[in-house]
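Presented below is the structure to which this report refers.
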Amino acid sequence: MRNAGSPVMGADSHVKVWDFPTRVFHWTVVSLVLTSWITADQGFMKLHLWSGSILLVALIFRIAWGVIGSTTARFIDFIAPPRRVWSYLRALVTPDKPLYAGHNPAGGWMVVALVTLLSLQIATGLFANDGLKFNAPFATLVDSELSDRLTQLHGELFNFILLLVYFHVVAVFFYFWVKGENLIGPMLHGKKHRAHVPPDLNLRFTRSVIALALLTLSAGLVWWILRP
Amino acid sequence: MGKISAGVYFGCVAAATVAGFGVMMEFRPALAHSVREWVGLEKPPQVRSNSFYAMRVAPLLQEHCTACHGSGREKAELRLDSLAAVLRGSKHGAVIKPGDLEKSELFTRITLPASNDKFMPPDSKPPLSPDEVKVIKLWIAAGASGVQAVNAIKGAPPPVVQVKFTEIDEAAVLRQRAPLSSVVQQLQDRFPGIIAYESRGSADLELNAALMRTSFGDKELAALAPLQDHIVWADFSGTSISDASGAALAAMRHLRTLRLINTQVTDSTIQALTSAKELRSLTLVGTAVTEQCVAALRKTKIRVIR
């Protein structure tokens with residue numbers, strides 16, 4: 001499924017590291033987590049359900065994209081053994097800066113943790129109720145006591161999501177101010193300066209049409225799961 | 001390399017985190033209370049056992065709210081099972097603003113129209129009665145205190161008295177009725193519908209001879225002599241009894257209510273009733289009993305209706 005073309009290594013000072021679907025996924029998750037937070041806080045539960053459902057589509061897409069997507073999107077590319085994570089963290093406090101095109105070893109586990117937590121968050125949310133008139137699609141399939149417990153867990157899990165987001169943001173600004181590397185820009189336009197990527201870079205990008213097909217399948221699956 | 005050192009950066013992060021917590025506590029009063037209590041800057045509110053809160057408000061919250069807002073369930077992260085928790089509020093903020101009903105979400109919720117999605121208690125749970133709402137209203141308006149004495153807040157509706165019915169010991173009742181049960185049965189058969197037990201738990205009898213009108217007279221009353229010690233309520237209105245029944249009536253020593261409307265009895269019968277020590281109500285409308293006799297009765301505990 002990979003692009004059969006040559007690895008992307010332009011002659012200019014920047015090199016493409018993030019594909020379009022991964023970038024869209026990232027900012028979609030940012031906006032949906034924020035939307036879900038606000039809608040739950042303000043009691044707009046129908047919007048909250050929509051927000052959570054779209055997030056579920058995005059997560060299913062991302063998990064699949066992590067298997068068949070571009071090099072930097074693949075789990076196999078960024079899930080590192082603990083020893084490598086520890087070495088990476090130790091190197092961070094030295095003047096040296098380990099170079100990674102995509103997620104660094106710690107960031108890779110952050111992705112895993114966030115995807116896992118968000119999945120749990122959505123799973124519990126599907127059985128939740130707001131104690132008033134709103135019941136999530138699966139809330140009536142279990143007794144009210146279990147639904148209440150899952151609702152409580154749903155609320156508590158969100159604190160852990162916020163904690164991960166906090167660490168993520170602290171790490172991003174650590175890179176910006178301490179390591180002198182802007183991680184936000186590449187997540188917007190997809191390119192990193194050559195100075196911040198390994199010299200022997202060999203990335204391959206999966207075609208966006210594959211991503212579109214995968215997204216359609218994900219949306220269809222979510223519609224099938226949540227159909228009335 | 002970057003613009004600042006790792007040490008400076010993490011120092012700034014720590015400062016920003018503390019400031020962030022400070023800001024968050026502004027929006028999360030429940031968290032703010034918990035943190036202040038935890039670091040000892042705030043003491044949990046004091047509650048006295050004779051306070052308006054303990055005696056009037058807490059039982060209402062217990063009855064209507066704590067199933068969903070208690071130790072078992074904490075919907076909206078709100079608990080209403082202690083004054084500290086009530087004042088701490090929910091994840092959306094304070095639910096009580098002492099002295100300010102308009103800004104007290106709890107009061108707003110219980111006074112919304114029942115059709116409103118935010119009405120509490122939700123679903124088909126019984127709403128607070130107007131008196132219960134008034135108790136909450138008075139408490140918040142008076143400052144939502146845990147120490148203000150129960151009688152310090154004026155205008156509160158009286159508390160609902162819990163009435164507990166004792167279980168009837170049917171075996172004991174049967175034992176009490178046993179000595180006369182066959183006689184009662186016989187007389188009930190002879191005079192259908194006019195003899196009944198006073199209650200399910202009693203061996204005392206009520207006699208409603210008025211139902212037989214003039215077909216009930218002195219002879220019929222004499223036939224009821226075996227029951228005389230057990231009759232506590234008797235109505236002879238419109239019957240044909242006369243002073244000849246004076247002795248039979250006087251023999252009903254446990255009689256509490258006697259109605260003699262439109263009968264032929266006179267002062268002699270009434271004077272014979274002095275042995276009915278438990279008699280409290282006597283109705284003599286339409287009789288020939290004299291005012292002089294009634295005046296004498298009015299000096300006793302008997303309430304005479306004439």
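We name chains A, B, ... by the order of the sequence lines, and we start the count at 1 in each one.
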Quick one: what part of [X] sits under 4.5 Å from any heavy atom of chain B, side chain, backbone, both or neither?
| X | result |
| --- | --- |
| A/Glu145 | both |
| A/Asp130 | neither |
| A/Asp148 | side chain |
| A/Tyr166 | side chain |
| A/Ala40 | backbone |

Step-by-step side chain to side chain donor-acceptor pair (under 3.5 Å) determination, A/Thr71 to A/Asp77: CA-CA 6 Å; A/Thr71 308; A/Asp77 181 70; over 6 Å; no
Salt bridge present between A/Lys192 and A/Glu181 (N-O < 4.0 angstrom):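 Yes.
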B/Glu132/B/Arg56 ion pair, N-O < 4.0 Å: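 No, B/Glu132 and B/Arg56 are not salt-bridged.
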Interface residues of residues 150-160 of chain A facing chain B - non-hydrogen atoms under 4.5 Å apart: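 The stretch touches chain B at A/Gln152.
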Side chains of A/Thr140 and A/Asn135, donor plus acceptor under 3.5 Å: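 No - no donor-acceptor pair under 3.5 Å links their side chains.
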No-hydrogen, no-angle side-chain donor-acceptor test under 3.5 Å, A/Ser36 and A/Ser51: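 Yes.
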Residue pairs involving residues 103-123 of chain B (criterion ring pair (Phe, Tyr, Trp, His ring centres under 6.0 Å); sequence neighbours excluded):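 Counting only pairs at least two positions apart or across chains, no ring pair (Phe, Tyr, Trp, His ring centres under 6.0 Å) contact touches residues 103-123 of chain B.
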Pi-cation contact, A/Phe205 with A/Lys16 (under 6.0 Å, within 45°):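 That pair qualifies as a cation-pi contact.
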Identified ring pair (Phe, Tyr, Trp, His ring centres under 6.0 Å) partner of A/His103 from the options A/Trp18, A/Trp109, A/Phe75: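 Going through the options one by one, the only one that passes is A/Trp18.
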